[in-house]
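This report concerns only the one structure given below.
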Amino acid sequence: MQRREFIRTVCTGSCGIAVSGVFPGRALAADKPYEVEARYYEKLDDNWVSCQVCPRGCAVADGKKGFCRVRINRGGKYYSSVYGRACTYHVDPIEKKPLFHFMPGTTAFSIATVGCNLDCKFCQNWEISQEHPENVDAYELKPAKVVEAAKQFDAPTIAYTYTEPIVWFEYALDCVRAGHDEGLRSVMISAGYMNREPMVEVAGEMDAIKIDLKSINGDYYKDICSATLQPVLSTLATIRETGTWLEIVNLMVPTLNDSDEDVEKLCKWVKENLGSDVPVHFTRFYPTYKLKNLPPTPVVTVEKARAIALANGINYPYVGNVPSGHPGESTYCPGCGEMVIKRVGYRVLSITLKDGKCPSCGIEIPGIWS
């Protein structure tokens with residue numbers, strides 16, 4: 001199989017961010033793996049292992065990999081084969097994650113390795129999420145280098161994103177800890193398909209987490225994502241229990257998960273189980289990967305979803321992948337309706353919050369603002 005090259009460079013201004021400098025990572029050949037012993041697995045007979053990171057519980061024979069393609073059994077020991085192997089990096093606006101109630105107007109040094117424990121038919125990063133490490137070139141980027149790079153580009157936050165950080169969480173957690181030692185925050189962008197024990201550990205370390213709640217319909221998870229719904233709902237509840245800042249994205253795919261009934265059911269679940277103040281982003285789908293047969297989501301669909309969310313008690317619903325300047329990109333006080341954060345695309349034009357409160361009526365707007 002031909003090796004893929006998907007190394008991304010730092011932002012050159014297309015997002016409105018000016019950065020400069022020389023990236024400190026060293027190009028690393030795909031056949032030179034860094035392997036560290038994986039966490040959360042059980043040893044079985046005959047050198048088999050059982051992975052305990054996610055609900056798949058992969059039983060892996062000696063020399064074989066789990067579903068995610070990045071965790072490998074070597075002689076009855078389970079290893080992460082992507083530790084320190086960043087296949088992509090970028091400096092992004094934090095709004096691109098999207099995180100709207102976390103350090104608005106700042107940037108995140110974003111990294112990823114190969115691998116994912118889902119196979120979503122709409123994945124926009126399938127070239128790296130669905131690949132094997134040996135087929136993708138990477139940079140040597142140990143945790144200290146990640147911190148160095150984030151500081152070089154004046155990014156106050158490190159983001160673990162683009163693929164599924166759950167399958168390379170050993171690497172991510174070491175980066176979190178190294179970053180915290182230097183005053184940097186960390187956020188995880190995830191599908192949330194993880195077992196409770198490792199999720200508690202991860203949530204306890206991250207400063208914020210964005211979870212893709214693909215649908216409130218279990219059949220959708222089975223047919224479109226090769227996964228199941230309940231573990232994701234459990235993950236959301238676990239994150240909320242830990243107190244880590246949480247935001248949710250629902251990618252609306254025409255004819256598959258965009259009915260008014262599905263939106264209302266999702267909003268009611270969020271309100272009853274997580275509370276009214278968890279931001280929910282309804283995002284437009286664009287044809288890609290295995291779903292090129294479907295049209296882009298009409299703007300009116302996400303607008304209707306936002307209206308349904310407001311009617312069902314969600315205080316901070318947003319729309320995404322819409323024309324820049326759409327009113328649904330901005331943040332409004334749920335008490336008096338005043339706009340407290342104005343956004344145009346990924347840019348924040350104004351923030352009128354005073355100590356995290358609406359300047360007009362004094363209601364606290366939940367989030368991490370500084």
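Just so you know, residue 1 is the first one in the sequence shown, and it goes up from there.
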**Complete:** Closest non-hydrogen contact found for M206 with A172 is CE-CB, 4.5 Å

**Message:** For a salt bridge (Lys or Arg N to Asp or Glu O under 4.0 Å) check, start with the C-alpha distance between R71 and E37, then their side-chain angles and the critical distance, and finish with the verdict.
**Reply:** CA-CA 9 Å; R71 304 170 86 79; E37 187 169 2; over 6 Å; no

**Asked** When clusters are formed by joining ILVMFWY residues with side-chain heavy atoms under 4.5 Å apart, either directly or through shared neighbours, do Y41 and F67 land in the same one?
**Response** no

**Item:** Note, K304 side chain near D260 side chain (heavy atom, < 4.5 Å)
**Value:** yes

**Prompt:** Atom NZ of K145 and atom OH of Y89: how far apart are they, to the nearest 0.5 Å?
**Reply:** 12.5 Å

**Message:** Does either side chain, that of T113 or that of R85, offer a donor lying less than 3.5 Å from an acceptor on the other one?
**Reply:** no

**Request:** Evaluate the criterion side chain to side chain contact (heavy atoms under 4.5 Å, CB included) for residue pair L184 and V147; output intermediate values, then yes/no.
**Result:** CA-CA 8 Å; L184 299 178; V147 172; 3.9 Å; yes

**Asked** Taking atom CG of L213 and atom CG of L251, what is their separation to the nearest 0.5 Å?
**Response** 11.5 Å

**Request:** Please lay out, stage by stage, how T301 and D258 fare under the test side-chain hydrogen bond (donor to acceptor under 3.5 Å, both in side chains).
**Result:** CA-CA 7 Å; T301 299; D258 62 340; 4.8 Å; no

**Message:** Would I111 and T88 count as a side chain to side chain contact (heavy atoms under 4.5 Å, CB included) here? Give the steps.
**Reply:** CA-CA 6 Å; I111 63 171; T88 182; over 6 Å; no

**Asked** How about I211 and T235: do any of their side-chain heavy atoms sit closer than 4.5 Å?
**Response** yes

**Check: N273 side chain, V270 main-chain N or O, donor-acceptor pair, under 3.5 Å** = no

**Request:** May I ask you to decide if L118's main-chain N or O and Q130's side chain share a donor-acceptor pair within less than 3.5 Å?
**Result:** yes

Under 3.5 Å donor-acceptor pairs involving side-chain atoms of residues 310-318, not counting sequence neighbours:
{"residue": "N312", "atom": "ND2", "partner": "I308", "partner atom": "O", "Å": "2.8"}
{"residue": "N315", "atom": "ND2", "partner": "D277", "partner atom": "OD1", "Å": "2.7"}
{"residue": "Y318", "atom": "OH", "partner": "H101", "partner atom": "NE2", "Å": "2.6"}
{"residue": "Y318", "atom": "OH", "partner": "T331", "partner atom": "OG1", "Å": "2.6"}

**Request:** Give, for atom CD1 of I94 and atom CZ of R185, the distance between the pair rounded to the nearest 0.5 Å.
**Result:** 10.5 Å

**Prompt:** For the residue pair W126 and Y289, is the inter-centroid distance of their aromatic rings smaller than 6.0 Å?
**Reply:** yes

**Request:** Flag the pair K121 and D223 as a salt bridge only when some basic side-chain nitrogen lies within less than 4.0 angstrom of an acidic carboxylate oxygen.
**Result:** no

**Asked** What residue among V36, L141, V82 forms side-chain contact (heavy atoms from CB on, under 4.5 Å) with Y171?
**Response** L141

**Request:** Give a yes or no answer on whether the side chain of R69 reaches the backbone of H132 with a donor-acceptor pair at less than 3.5 Å.
**Result:** no

**Asked** Does S81 use its side chain to pair, donor to acceptor, with the backbone of V70 at less than 3.5 Å?
**Response** yes

**Message:** Are the side chains of D154 and T107 in contact, using a 4.5 Å heavy-atom criterion?
**Reply:** no

**Message:** With a 3.5 Å distance limit and no angle check, can you tell me whether T238 reaches the backbone of S234 through a side-chain donor-acceptor pair?
**Reply:** yes

**Request:** Taking all heavy atoms of D207 and all of I368, pick out the closest pair and write down the distance.
**Result:** O-CD1, 3.6 Å

**Fill in**
Here the pair of heavy atoms bringing P295 nearest to P287 is C-CG, 4.1 Å

**Message:** Less than 3.5 Å apart, any donor N or O on the side chain of R39 or Q52 sitting next to an acceptor on the other?
**Reply:** no

**Item:** Test side-chain hydrogen bond (donor to acceptor under 3.5 Å, both in side chains) applied to E170 and W168, step by step
**Value:** CA-CA 6 Å; E170 295 90 351; W168 41 279; over 6 Å; no

**is_close_aromatic(F285, F122), centroid dist under 6.0 Å** = no

**Asked** Would a distance-only check, ignoring hydrogens and angles, find a side-chain to backbone donor-acceptor pair under 3.5 Å from N257 to K214?
**Response** yes

**Donor-acceptor contact below 3.5 Å, side chain N125 vs main chain I128** = no

**Prompt:** Ignoring hydrogens and geometry, is there a side-chain-to-backbone donor-acceptor pair from T157 to S186 under 3.5 Å?
**Reply:** no

**Message:** Set out, in order, the CA-CA distance, both residues' side-chain angles and the distance that settles side chain to side chain contact (heavy atoms under 4.5 Å, CB included) for C51 and Y40, then state yes or no.
**Reply:** CA-CA 7 Å; C51 184; Y40 299 104; over 6 Å; no

Name every donor-acceptor pair, under 3.5 Å, that has one atom in a side chain of residues 321-328 and the other anywhere in the protein, sequence neighbours excluded.
{"residue": "N321", "atom": "ND2", "partner": "R284", "partner atom": "O", "Å": "2.8"}
{"residue": "H326", "atom": "ND1", "partner": "G328", "partner atom": "N", "Å": "2.8"}
{"residue": "H326", "atom": "NE2", "partner": "E303", "partner atom": "OE2", "Å": "2.7"}

**Message:** Measuring from atom CD1 of I216 to atom OH of Y221, what distance do you get when rounded to the nearest 0.5 angstrom?
**Reply:** 8.0 Å

**Item:** Salt-bridge present (K210, D212; N to O < 4.0 Å)
**Value:** yes

**Prompt:** Is E42 reaching over with its side chain to a backbone N or O of S50, donor-acceptor style, under 3.5 angstrom?
**Reply:** no

**From CZ (F100) to CD (E95), nearest 0.5 Å** = 6.5 Å

**Message:** For V232 versus T228, what's the shortest heavy-atom pair and its separation?
**Reply:** CG2-O, 3.9 Å

**Asked** Between E201 and R177, is there a salt bridge with N-O shorter than 4.0 Å?
**Response** yes

**Same apolar cluster (I L V M F W Y, side chains within < 4.5 Å links), L236/M194** = yes

**Prompt:** Who pairs with E182 by salt bridge (charged side-chain N to carboxylate O under 4.0 Å, His left out), at least two apart in sequence or on another chain?
**Reply:** K151

**Complete:** d(S190 OG, E164 CD) to nearest 0.5 Å is 3.5 Å

**Request:** Show your working on side chain to side chain contact (heavy atoms under 4.5 Å, CB included) between V49 and L44 and close with a plain yes or no.
**Result:** CA-CA 5 Å; V49 300; L44 305 176; 5.6 Å; no

**Asked** Would K342 and T352 count as having a side-chain donor-acceptor pair, cut-off 3.5 Å?
**Response** no

**Message:** Tell me the closest heavy-atom pair linking I363 and G335, and the distance in Å.
**Reply:** CD1-CA, 3.3 Å

**Message:** Starting from Y332, can I reach L99 by hopping between I/L/V/M/F/W/Y residues whose side chains sit under 4.5 Å apart?
**Reply:** no

**Request:** May I ask you to establish whether R74 and Y79 are in a cation-pi arrangement, using a distance under 6.0 Å from NZ or CZ to the six-membered ring centre and at most 45° from the ring axis?
**Result:** no

**Request:** Scan side-chain atoms only and decide if S129 and E131 contain a donor-acceptor pair under the 3.5 Å cut-off.
**Result:** no

**Asked** Mind checking whether I189 and M199 sit in one hydrophobic cluster, side chains of I, L, V, M, F, W, Y counted as touching below 4.5 Å?
**Response** no

**Carboxylate-amine/guanidinium proximity below 4.0 Å for K142 and E148** = no

**Request:** Could you tell me whether a side-chain N or O of N47 sits under 3.5 Å from a main-chain N or O of D62, the two making a donor and an acceptor?
**Result:** no

**Prompt:** Taking side chain as C-beta onward, heavy atoms only, is L266 less than 4.5 Å from D262?
**Reply:** no

**Asked** Salt bridge between E264 and K268, side-chain N to carboxylate O under 4.0 Å?
**Response** yes

**Item:** Which atom of I158 lies closest to which atom of G179, heavy atoms considered
**Value:** CD1-CA, 4.4 Å

**Asked** Does M103 share a hydrophobic cluster with I341, counting links as ILVMFWY side-chain heavy atoms below 4.5 Å and allowing steps through other members?
**Response** no

